[in-house]
Amino acid sequence: MENILGLVAIACGFIVGLGAFGASIGIALMGGKFLEASARQPEIMNELQVKMFILAGLIDAAFLIGVAIALLFAFAKPFAI
């Protein structure tokens, strides 16, 4: 039983850690592309900024769903016998 709970704890750490890593990389790439597009065509910066914030919210939402699943595994113990 302790083995299963230990592996669930390690899996929760991987879910949160890799999710945060992926979200930060995604937002960094998107921010860089936004700055490149704004430098090329400054007249469409307002439209691009709205789309950038929507995408940033979606990227963070995917990370927070992973955190919620990790918290479910950590505290609800669905694999406990």
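Residues M45 and F53 share a single hydrophobic cluster, defined by chaining ILVMFWY side chains whose heavy atoms lie under 4.5 Å apart. Hydrophobic clustering of Ile, Leu, Val, Met, Phe, Trp and Tyr side chains at less than 4.5 Å, counting indirect connections, keeps F14 apart from V8. In the hydrophobic clustering of this structure, I44 groups with V50; members are Ile, Leu, Val, Met, Phe, Trp, Tyr whose side-chain heavy atoms approach within less than 4.5 Å, directly or through other members.
For I25, the side chain to side chain contact (heavy atoms under 4.5 Å, CB included) partners at least two apart in sequence or on another chain are F21, L29. In this view, L35 satisfies the side chain to side chain contact (heavy atoms under 4.5 Å, CB included) rule with no residue, not counting sequence neighbours.
The two residues A70 and I15 come nearest to each other via the heavy atoms CB-CG2, 4.0 Å.
Taking CD of E36 as the start and NZ of K33 as the end, the distance is 5.0 Å to the nearest 0.5 Å. F34 contributes atom CZ, which lies 14.0 Å from atom CD1 of I27 (distance to the nearest 0.5 angstrom). Summarising the geometry, atom SG belonging to C12 is positioned 10.5 Å from atom CD1 belonging to I69; distances are rounded to the nearest 0.5 Å.
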Contacts table for residues 54-65: side-chain donor-acceptor under 3.5 angstrom, sequence neighbours left out:
none

